[in-house]
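Because the structure is predicted, anything quoted here is derived from the model rather than measured. The chains referred to below are lettered A, B, ... by the order of the sequence lines, with proteins before strands, and numbering in each begins at 1.
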2 protein chains.
Amino acid sequence: MANKKRATLKDIANVLNISPAAVSKAMHDDSRISDKTKKAVKRVAKELDYQPNHLASALRNGKSNLVGVIVPRTNSNFFSSVLENMEAVLNKASYNIIITQSNESFEKECKNIDTLLFTQVDGIIASMANETVDLSHYEKVKSNGIPLILFDRGENDLNVDYVGINDYDSSHVIVEHLVEKGCKRIAHIGGYRRTRIFNNRIKGYVDALKKNELPIDDSLIVESALTLEDGRLEMENLLRLEHRPDAVYVASDYAALGALQVLNEQDIKVPDDIRLVGFGNEPFTSLVTPSITSIEQHSKEIGRLAAETFLKHIAQPELKQTLNKIILDAELIIRDSSR
Amino acid sequence: MANKKRATLKDIANVLNISPAAVSKAMHDDSRISDKTKKAVKRVAKELDYQPNHLASALRNGKSNLVGVIVPRTNSNFFSSVLENMEAVLNKASYNIIITQSNESFEKECKNIDTLLFTQVDGIIASMANETVDLSHYEKVKSNGIPLILFDRGENDLNVDYVGINDYDSSHVIVEHLVEKGCKRIAHIGGYRRTRIFNNRIKGYVDALKKNELPIDDSLIVESALTLEDGRLEMENLLRLEHRPDAVYVASDYAALGALQVLNEQDIKVPDDIRLVGFGNEPFTSLVTPSITSIEQHSKEIGRLAAETFLKHIAQPELKQTLNKIILDAELIIRDSSR
DNA sequence: TATATTTGCTTAATCGATTAAGCAAATATA
DNA sequence: TATATTTGCTTAATCGATTAAGCAAATATA
């Protein structure tokens, strides 16, 4: 590999017999540089295939034009779609993104933050891992002085911007829909209460039951990590109850899929015997049999808004970080599993 | 936001009344620095919450300890798993990864490469977008002198390291399996021939048919982008044929899922009427009804090997980039759709 | 005791790009 | 014509971390 040295401003300067400072200004179209010089500089830059050294300019300017993103996993359509739209907005503003995965692990999330700070990102946009309870690593980001924006999985205690959907209301919409279909014993396979969004979904579920004058039965409310396997397990548990539910609201599509598998395996008719509702509107919800009713989380919007919030902070550095929530209305997509 | 200035080596030096050079050496446990000074430096570093400025050291050392990764999309389990294992290996060698998505777009892939080179990554590990035919942007990486490693979707013409599975053999394994089950008219919903792996799958399919003395029927071979929607479309087309196939080998699980939906909708019994085989062993293949026979691509191994190949190039910079293929044997996971 | 070696630091330069300050030549204004 | 302003560049310092070169003091060796 002919380790060709990259051309530098100095190389261009040498060719033209001017100072590197003049070259730098010419490249930035400084008004104090003559058109003749600008043209010459740009011509030579092209000839030498000059690529500015990002490290040098970032060091000098104190900003890297990189935004760090932390997601629990990239392999869900939700996060993938959020990332895609976030990137589009940031690219337009000449920022690039560095994606890291926490794999739902607290330890990994801490490492991710260290990596991103180490890389001198200009800001961090994150969705918290399932395991995360201690927030000190996020405090570190804040005290570093760079904007921190949370989406989907956030925490009020951090007092930073947050973009997400209305989880509490979503639960209401789901329960109302199931009640309308005549369900009386609605179970909830939820996430862990320590995660704010899952806590809100549980609260919304409980309040919606109360509103509809249905009894709250603790045996019908379970918490889990909401993997497909968890969905299977909890569904099996629910079916073992003396008094089975006639509907199950699962706080994640993956877990809902697990639940559906168990129901299918045990020849329990969905929606006739038990109605099923998921959360997230992952593409597979419309592909399985029966298709699963779910909540659309507006991933595109979330990505866009999170990116724009970051840009707002960059544009107005005097803006203090405070709890500023952008809450989107979720949308219930009704499919065969609850029809 | 109290834009606290980060502590620098100079700050530590000032506290201890020694030179920044001594501090730098102390932090790196240089043998020419006394234990007393080292301890003092580390104590003050901790007190001031010193974080080395990555940009400065990267600029000085000429390496960023960042590896750029390009994947078509992160939302498949295959790529997500490759990334996870790649990251684990690289992190251990104190490299961090920057993940970018091409969204299967050639244009986006070019941009990704520009971004990564701009960020001064020490190497690029990539899987090519569906659209990519022109390879000049990859040549740019090569001429930049940093290692380029391809995985899954690669090209011989680039003459760089490649890690992937044996696509040609995989097709043979699939065809053999279907023939064993008594199939005589095996269709293939493949990817575009311009992508090497898909071309190899098609070639393998054709050769395996020949080997089993089955006729090659061009109406049974179709090329597509292999999305779920493509799978639906092509399956519908195949069913409209006068002489229907008795088995379909789809070169991607997503497209296979689409095909299965159509078969289910039209009440065609799988596997009795038509046998179905996918490719990739995505988790959902075991979840749908009937479960889909598929090829396991050893994503973990691919991630690990790609990372190790990169590290090998870093360890031996004199190593020339040549076409060096690491080909893994794929594994057929037989499920209900072909049983 | 005289010289050689080792220890423990400092000095100064460097990685590239950028910018404030400054200077000479060209041009504009009085 | 004399002064003021503008133009078009250069000089030098800077962003932090690192390292080759060097120097004085401490220690080892002859």
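Remark: B:R6 does not engage B:D11 in a salt bridge, criterion side-chain N to carboxylate O under 4.0 Å.
Here the side chain of B:A21 is nearest to one of C:dT7, C:dA12, D:dG8, namely C:dA12. Of the candidates C:dT19, D:dT18, C:dC15, C:dC15 carries the atom nearest the B:L59 side chain, counting heavy atoms from C-beta on. Of the candidate nucleotides C:dA17, D:dA20, D:dC9, C:dA17 has the atom lying nearest to any side-chain atom of A:R60. Here the side chain of B:N61 is nearest to one of D:dT18, C:dG22, C:dT10, namely D:dT18.
Within 4.0 Å (heavy atoms only), B:S19 reaches at least one base atom of the nucleic acid. Residue B:I18 is classed as a sugar-phosphate contact, given heavy-atom separations below 4.0 Å to backbone atoms only.
In this model, the phosphate group of C:dT7 is not approached by any side-chain N or O of B:S31 to a distance below 4.0 Å at OP1 or OP2. The phosphate of C:dT18 (OP1 or OP2) has a side-chain N or O of A:S24 nearer than 4.0 angstrom. Residue B:T37 has a polar side-chain atom (N or O) positioned under 4.0 Å from OP1 or OP2 of C:dC9.
Figure legend. C:dT11 is base-paired to D:dA20; pairs are counted as Watson-Crick or G-U wobble with both atom distances under 3.5 Å. The base-pairing partner of C:dT5, taking Watson-Crick or G-U wobble contacts with both distances under 3.5 Å, is D:dA26.
One interatomic measurement links the two molecules: CG of A:N53 to C1' of C:dT18, which rounds to 13 Å at whole-angstrom precision. The CG atom of A:D35 sits 12 Å away from the C1' atom of D:dT7 (whole-angstrom rounding). One interatomic measurement links the two molecules: CE of A:M27 to C1' of C:dT19, which rounds to 17 Å at whole-angstrom precision. Between the P atom of C:dT19 and the CG atom of A:L9 lies a distance of 12 Å, rounded to the nearest Å. Protein atom CZ of B:R32 is 13 Å distant from nucleotide atom P of C:dT10, rounded to whole Å. The nearest whole Å value for the distance from the OH atom in A:Y50 to the C1' atom in C:dT18 is 10 Å. Put simply, CG on B:D30 is 11 Å from C1' on C:dT7, counting in whole angstrom units. Rounding to whole angstrom units, CZ of residue A:R6 and P of C:dC15 are separated by 15 Å.
Each of B:S34 and B:A56 lies near DNA chain C, and the nucleotide nearest B:S34 is the one positioned closer to the 5' end.
A donor and an acceptor atom, one from each side chain of A:T132 and A:E109, are located under 3.5 Å apart. No side-chain donor from either of B:S102 and B:S105 sits under 3.5 Å from a side-chain acceptor of the other. Residues B:N96 and A:T115 bring a donor and an acceptor atom of their side chains to less than 3.5 Å of each other.
Aromatic ring pairs are classed by plane angle as parallel below 30°, tilted from 30° to 60° and perpendicular above 60°; the pair A:H137 and A:F106 is perpendicular.
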